[in-house]
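In what follows, a structure is listed as structure tokens, so that the remarks can point back to it.
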Amino acid sequence: MKVDYIVVGMGLAGIAFSKKLLSEGKSFVVFENESQHSSVVAGGMYNPVVLKRFTPVWNAKDQLEIALPFYKELELELKATYNHPLPIHRIFKSVEEQNNWFVACDKPLMQEYMIPEVGTDKTKGLVSDFGYGELVNTGRIDTKRLIEDYRQFLNSKEVLKKETFDYKAMEHLENGLNYKGLFASKIVFCEGYGMLGNPLFSSLPMQEAKGELITIHAPELKIDYLIKAAVFVMPIGDDLYKVGATFNWKDKTNTPTLAGKEELLMKLDMFLTTPYTIVDHVAGIRPTVKDRRPLVGIHDTFKHCAILNGLGTRGVMIAPQAAAQLYNCLEHQIPIPKDVCISRFNR
Ligand SMILES: Cc1cc2nc3c(=O)[nH]c(=O)nc-3n(C[C@H](O)[C@H](O)[C@H](O)COP(=O)(O)OP(=O)(O)OC[C@H]3O[C@@H](n4cnc5c(N)ncnc54)[C@H](O)[C@@H]3O)c2cc1C
């Protein structure tokens, strides 16, 4: 069998690249072994403002201009809803934070997203002594549903192989590679944290960060916006809310922990007084990079091998743009921007 591409990994990066291949009429096969869960467990929030410091997220406006139509197209193709626009209420901790909010609101890029006032209306069950700032044109992508649906879609096209890609079985040829009798002109690795098992790219400086998230049932908390305080609280329907997330740079497992749960509950109880029960608890490893930029590029020696990774804490916004940049480089020799290209690291 011969295809244009092999794609390894079917998280947000794999979906973004596969969608690009389909739209360009390229043939491909995807390998997915469910070893990593980052995209499945993600909060899925998209938001162009750093909520700690009220500064713009790197490249966010450009990313959103590509990402929002990208998810819209997926909704039309798969006949489902993935994008749930939601304003964000950033709860202030002090008068100083209120002042910082107003200063940030005046900056050119932020005017589209930050409302220049302190919200004072009270919500039952929520402590917000210093009020809140409201962000608009933000929301969440239901990544779990998207991944389930996209995998099913690829399965129906008979291009999804639910198995581990074995790096040792790759035979590099002059014009591509042979993988156990499957001939491909190119291969794109989208393995998230799984990259560390890939001998071609494992030397790239990933600084992975485990994240845990719980889902609570809080029937008295009637909110249709996302709260960001010590943790975020995100409505997902049926009185359910995702609460997250932790950051742990030592534990490299996908297992939810008691310590992670206790940290989330301690932070949640600082501002939520309404009763709730925990109905789910998940964990995954974010593929974050030393310099907090994606890893996009082509291998120095094996020019048919490429990587799309390092989406870090913002895979929802970054993946569609990074996938297009990689594709344009592989197919049209358009250089990948220096700040995301893997050539920035001396390997
Ligand atoms: C708790 C948590 C909350 C988050 N919240 C947000 C958020 O609100 N907004 C946001 O934008 N981002 C968020 N993120 C980050 C986001 O999830 C990541 O940026 C994104 O999921 C990375 O996608 P990926 O496709 O690169 O990696 P992954 O999702 O890890 O996908 C890689 C895939 O490759 C497969 N794989 C690996 N090796 C192999 C192999 N050898 N053979 C076959 N298959 C293989 C894995 O099974 C996996 O499915 C969050 C992450 C976590 C953990």
Side-chain angles (χ1 to χ4, degrees), residues 6-18 29-48 51 57 60 63-64 67 71 86 88 138-144 146-148 150-151 160-170 179 187-202 206 208-215 226 228 231-232 234 236 242-248 251 253-254 256 260 264 280-289 292 294-296 307-320 322-323:
I6 291 174
V7 177
V8 181
M10 185 59 7
L12 286 170
I15 289 183
F17 200 79
S18 302
V29 167
V30 180
F31 288 81
E32 169 54 51
N33 67 355
E34 301 197 3
S35 57
Q36 296 301 323
H37 310 145
S38 185
S39 300
V40 181
V41 305
M45 179 167 51
Y46 59 87
N47 156 40
L51 292 172
V57 168
Q63 288 163 6
L64 276 176
Y71 294 110
L86 283 173
I88 300 174
T138 50
R140 76 171 175 98
I141 300 295
D142 188 342
T143 54
K144 183 167 188 275
L146 170 60
I147 283 166
E148 282 166 7
Y150 206 79
R151 287 182 186 172
L160 178 62
K161 291 193 181 292
K162 293 177 187 167
E163 56 188 84
T164 299
F165 183 84
D166 176 8
Y167 306 103
K168 291 199 280 297
M170 259 192 299
Y179 180 74
I187 182 163
V188 175
F189 293 102
C190 308
E191 311 117 310
Y193 174 54
M195 178 196 89
L196 294 188
N198 180 340
L200 293 176
F201 292 106
S202 58
M206 190 173 273
E208 60 283 352
K210 177 172 178 172
E212 298 189 40
L213 206 143
I214 54 173
T215 303
L226 209 149
K228 175 71 177 89
V231 281
F232 71 71
M234 176 189 279
I236 57 171
K242 284 191 183 191
V243 178
T246 60
F247 277 81
N248 184 324
D251 181 357
T253 69
N254 283 306
L264 291 172
D280 198 14
H281 180 193
V282 290
I285 311 277
R286 305 173 183 89
T288 33
V289 182
R292 302 291 177 262
L295 297 170
V296 185
I307 182 164
L308 180 58
N309 208 318
L311 303 183
T313 57
R314 300 187 190 275
V316 163
M317 294 203 303
I318 298 175

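Every number for a ligand or one of its atoms is a count from 1 in the order of the listing. The structure displayed is predicted, hence computed values, not measured ones. The basis for the numbers below is simple: all heavy atoms, side chains too, and nothing from hydrogens, waters or symmetry mates.
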Which residue owns the protein heavy atom closest to atom 38 (N) of ligand 1, what's the atom, and how far is it?
Glu191 CB, 3.5 Å
Side-chain donor or acceptor of Thr143 paired with backbone N/O of Ser39 under 3.5 Å
yes
Could you list which atoms of ligand 1 come closer than 4.0 Å to a heavy atom of Arg151?
49 (O)
Minimum non-hydrogen distance to atom 26 (O) of ligand 1, winning option of Ala13, Ala322, Ser38
Ala13
Going by distance only, is there an N or O of Val316 that falls short of 3.5 Å from an N or O of ligand 1?
yes
Correct closest heavy-atom pair for Met206 and Tyr193 would be SD-CA, 3.9 Å
Identify the two heavy atoms, one from Pro199 and one from Gly197, that lie closest to each other, and give their separation to 0.1 Å.
CD-O, 3.3 Å
Backbone or side chain, does any N or O of Gly43 fall under 3.5 Å from an N or O of ligand 1?
yes
Answer yes or no: does an N/O atom from Thr313 fall short of 3.5 Å to an N/O atom of ligand 1?
yes
Residue, atom and distance of the protein heavy atom nearest atom 53 (C) of ligand 1 read Gly284 O, 3.5 Å
Please list, in number order, the atoms of ligand 1 under 4.0 Å from a heavy atom of Arg286.
51 (C), 52 (C), 53 (C)
Is a donor on one side and an acceptor on the other found under 3.5 Å between the side chain of Tyr46 and the backbone of Ala67?
no
Nearest non-hydrogen protein atom, atom 27 (O) of ligand 1:
Gly192 CA, 3.5 Å
Tell me whether Gly244 reaches ligand 1 (any heavy atom closer than 4.0 angstrom to a ligand atom).
no
Ranking Lys210, Glu32, Glu163 by closest non-hydrogen atom to atom 48 (C) of ligand 1, top hit is Glu32
Thr164, any N or O under 3.5 Å of ligand 1 N or O
no
Proximal candidate to atom 15 (C) of ligand 1 [heavy atom criterion; set Ala42, Gly312, Gly315]
Gly312
For Asn47 and Thr138, test the side chains for any donor-to-acceptor distance below 3.5 angstrom and give the result as yes or no.
no
Which protein heavy atom lies closest to atom 39 (C) of ligand 1, and at what distance to 0.1 Å?
Asn33 OD1, 3.6 Å
Any idea which protein heavy atom is nearest atom 34 (O) of ligand 1, and the distance to it?
Gly9 CA, 3.2 Å
Is there any N or O on Phe165 that sits under 3.5 Å from an N or O of ligand 1?
yes
Of the non-hydrogen atoms in Ser38 and Ile285, which two are nearest, and what is the gap between them?
CB-O, 3.3 Å
So, Glu32 side chain and Met10 main chain: donor-acceptor pair closer than 3.5 Å or not?
yes
Hey, what's the ring geometry for Phe165 with Phe189, parallel, tilted or perpendicular (30° and 60° as the breaks)?
perpendicular
Under 4.0 Å from one or more heavy atoms of Ser35, ligand 1 contributes atoms 36 (N), 37 (C), 38 (N), 46 (C), 47 (O)
Considering only heavy atoms of Phe31, which atoms of ligand 1 have at least one such atom less than 4.0 Å away?
43 (C), 44 (N)
Using distance alone, with no hydrogens and no angle criterion, decide if Thr253 and Lys210 have a side-chain donor and acceptor under 3.5 Å apart.
yes
Which atom of Ala283 lies closest to which atom of Pro256, heavy atoms considered:
CB-N, 3.8 Å
Looking just at side-chain N and O atoms, do Asn198 and Glu191 make a donor-acceptor pair shorter than 3.5 Å?
yes
Nearest non-hydrogen atom to atom 24 (P) of ligand 1 belongs to which of Gly310, Ser39, Ala283?
Ser39
Please say whether Gly44 places an N or O atom under 3.5 Å from an N or O atom belonging to ligand 1.
yes
Hey, does the side chain of Arg314 reach the backbone of Leu311 with a donor-acceptor pair shorter than 3.5 angstrom?
no
Polar proximity ligand 1 side, Val8 side, N/O cut 3.5 Å exclusive:
no
Please work out which of Lys242, Gln36, Met45 has its closest non-hydrogen atom nearest to atom 9 (N) of ligand 1.
Met45
Can you see whether Asn33 engages Ser35 through a side-chain donor-acceptor pair at a distance of less than 3.5 angstrom?
yes
Pick, from Ala319, Gly211, Ala67, the option with the minimum heavy-atom distance to atom 1 (C) of ligand 1.
Gly211
Cys190: numbered ligand 1 atoms lying under 4.0 Å from its heavy atoms
32 (C), 33 (C), 34 (O)
Nearest non-hydrogen contact to atom 22 (C) of ligand 1 from the set Gly11, Ala16, Pro287 belongs to Pro287
Using the six-membered ring of Phe232, assess whether NZ or CZ of Arg140 lies under 6.0 Å from its centre and within 45 degrees of the ring axis.
no
Over all heavy atoms of both residues, which pair between Thr246 and Arg286 is shortest? Give the atoms and the distance, please.
O-NH2, 2.9 Å
Go through the steps to decide whether Glu208 and Leu196 satisfy the test side-chain contact (heavy atoms from CB on, under 4.5 Å), and finish with yes or no.
CA-CA 10 Å; Glu208 60 283 352; Leu196 294 188; 3.9 Å; yes
Contacting atoms of ligand 1, where contact means under 4.0 angstrom from a heavy atom of Glu34:
47 (O)
Any Tyr167 heavy atom less than 4.0 Å from ligand 1
yes
